[in-house]
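Okay, structure first, notes after.
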Amino acid sequence: MINLLIGKLLDASIGGNYDEKTMTDLFDELPAASVDPDHLRQAMRLWATGVAVVTSQHDGVVHGMTVSSFTSVSLIPPQVLIALAQSSRTHALVKNSRFFGVTVLNADQRDISDRFAGRLPDDAERLSGMGQFTLVSGVPLLKDGVAQFDCRVIATFTSGTHTIFIGSVLAAQGDLQGEPLLYFNRSYQRLAPY
């Protein structure tokens, strides 16, 4: 069953058709979810993640948001994915421009994470006055992060309230001496030696 679903997902993302796909049809054969959203939220708080800011621009509008749903998909070809709430301004920019940037924040960038997580309203100019640069596509990336990725959208999947964007990595860079900002159980954390 799982291999069949993965095969359907791969078939939907290959071949140059970048139209948005809906994952609902892929899971019709599975029983309906019965987990209470609050229980899921509590359990997910125990998943430690890095903290990143996704940025995009379209028609002169530049925006970004803090995310924890960012991961590598493939090294060959180089691909990553992000999941964005469909109600967010950044979602609309990524969907329309087909490009996004990801900056993995360093341990001293908690204020930047808060800024992009909603301390400034969604319609505010969150990148105003911030150090930024570009790599290939022209999408702004934040200075001083531990890693940056410049990506072109190659596939999208709608699932629930979010859209999963798979991006082909056009350029990437990282600071191997940097310490990433972590998030666990609703608070920021730092790496500690094991």
Side-chain angles (χ1 to χ4, degrees), residues 1-2 5-6 9 21-24 26-27 30-56 63-74 79-95 100-124 126-127 130 141-142 144-149 151 153 155-167 169 172 174-176 178-194:
M1 172 69 92
I2 296 298
L5 292 174
I6 291 171
L9 281 173
K21 305 294 179 194
T22 301
M23 295 181 78
T24 307
L26 299 174
F27 298 100
L30 300 176
S34 60
V35 175
D36 180 280
D38 288 332
H39 292 150
L40 177 60
R41 188 176 296 113
Q42 288 175 351
M44 291 305 297
R45 287 178 187 153
L46 302 177
W47 175 248
T49 67
V51 181
V53 170
V54 170
T55 50
S56 191
H63 199 61
M65 65 186 290
T66 300
V67 301
S68 58
S69 53
F70 162 67
T71 193
S72 171
V73 173
S74 170
Q79 296 174 351
V80 297
L81 74 74
I82 57 173
L84 303 178
Q86 294 165 17
S87 61
S88 71
R89 186 175 181 192
T90 304
H91 177 280
L93 294 176
V94 172
K95 182 177 179 179
F100 64 89
V102 178
T103 301
V104 178
L105 299 182
N106 77 50
D108 297 321
Q109 291 182 307
R110 290 178 298 210
D111 57 332
I112 293 174
S113 174
D114 288 341
R115 177 181 185 142
F116 285 88
R119 302 266 181 193
L120 292 180
D122 203 37
D123 60 350
R126 293 181 178 169
L127 282 98
M130 301 201 64
L141 298 159
L142 303 180
D144 301 322
V146 295
Q148 292 87 10
F149 302 83
C151 306
V153 174
T156 62
F157 302 94
T158 301
S159 187
T161 58
H162 284 62
T163 298
I164 299 165
F165 293 94
I166 297 179
V169 180
D175 174 8
L176 295 178
E179 181 184 349
L181 180 62
L182 303 179
Y183 196 74
F184 174 75
N185 199 15
R186 300 189 331 171
S187 66
Y188 296 115
Q189 305 290 328
R190 297 183 83 106
L191 287 175
Y194 189 78

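Computed from a predicted model, the values in this text were never measured in an experiment.
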Least distance between heavy atoms, [X] atom then [Y] atom:
X      : Y      : result
Val102 : Ala52  : CG1-CB, 3.8 Å
Asp108 : Asp111 : O-OD1, 3.9 Å
Leu141 : Gly101 : CD2-CA, 3.7 Å
Gln86  : Gly160 : NE2-O, 3.4 Å
Val80  : Cys151 : CG2-SG, 3.7 Å
Val51  : Leu182 : CG2-C, 4.0 Å

With sequence neighbours excluded, tell me which residues meet side chain to side chain contact (heavy atoms under 4.5 Å, CB included) with [X].
X      : result
Phe184 : Leu46, Ala48, Gln189
Ser74  : Pro77, Gln79
Ser68  : Thr49
Val146 : Val104, Asn106, Pro180

Only counting residues at least two apart or in another chain, list the ones meeting side chain to side chain donor-acceptor pair (under 3.5 Å) with Gln42. none
Using only atom types and a distance under 3.5 Å, with no angle test, would you say the side chain of [X] pairs donor to acceptor with the backbone of [Y]?
X      : Y      : result
Ser69  : Ala83  : yes
Arg115 : Arg126 : yes
Thr66  : Ser113 : yes

For the residue pair [X] and [Y], establish whether any side-chain heavy-atom pair is separated by less than 4.5 Å.
X      : Y      : result
Tyr183 : Leu105 : no
Val54  : Phe70  : no
Thr163 : Lys95  : no

Between [atom1] on residue [X] and [atom2] on residue [Y], distance to nearest 0.5 Å:
X      : Y      : atom1 : atom2 : answer
Arg190 : Leu181 : CZ    : CG    : 8.5 Å
Gln109 : Thr103 : CD    : OG1   : 8.0 Å
His162 : Ser88  : NE2   : OG    : 8.0 Å
Ile164 : Thr71  : CD1   : OG1   : 11.5 Å

Take Phe116 and Leu142 through the side-chain contact (heavy atoms from CB on, under 4.5 Å) test and state the conclusion after the steps. CA-CA 11 Å; Phe116 285 88; Leu142 303 180; 4.0 Å; yes
Ring pair (Phe, Tyr, Trp, His ring centres under 6.0 Å) partners of Phe100, counting only residues at least two apart: none
The single option from Leu81, Val153, Thr156 that satisfies side-chain contact (heavy atoms from CB on, under 4.5 Å) with Ile166 is Leu81
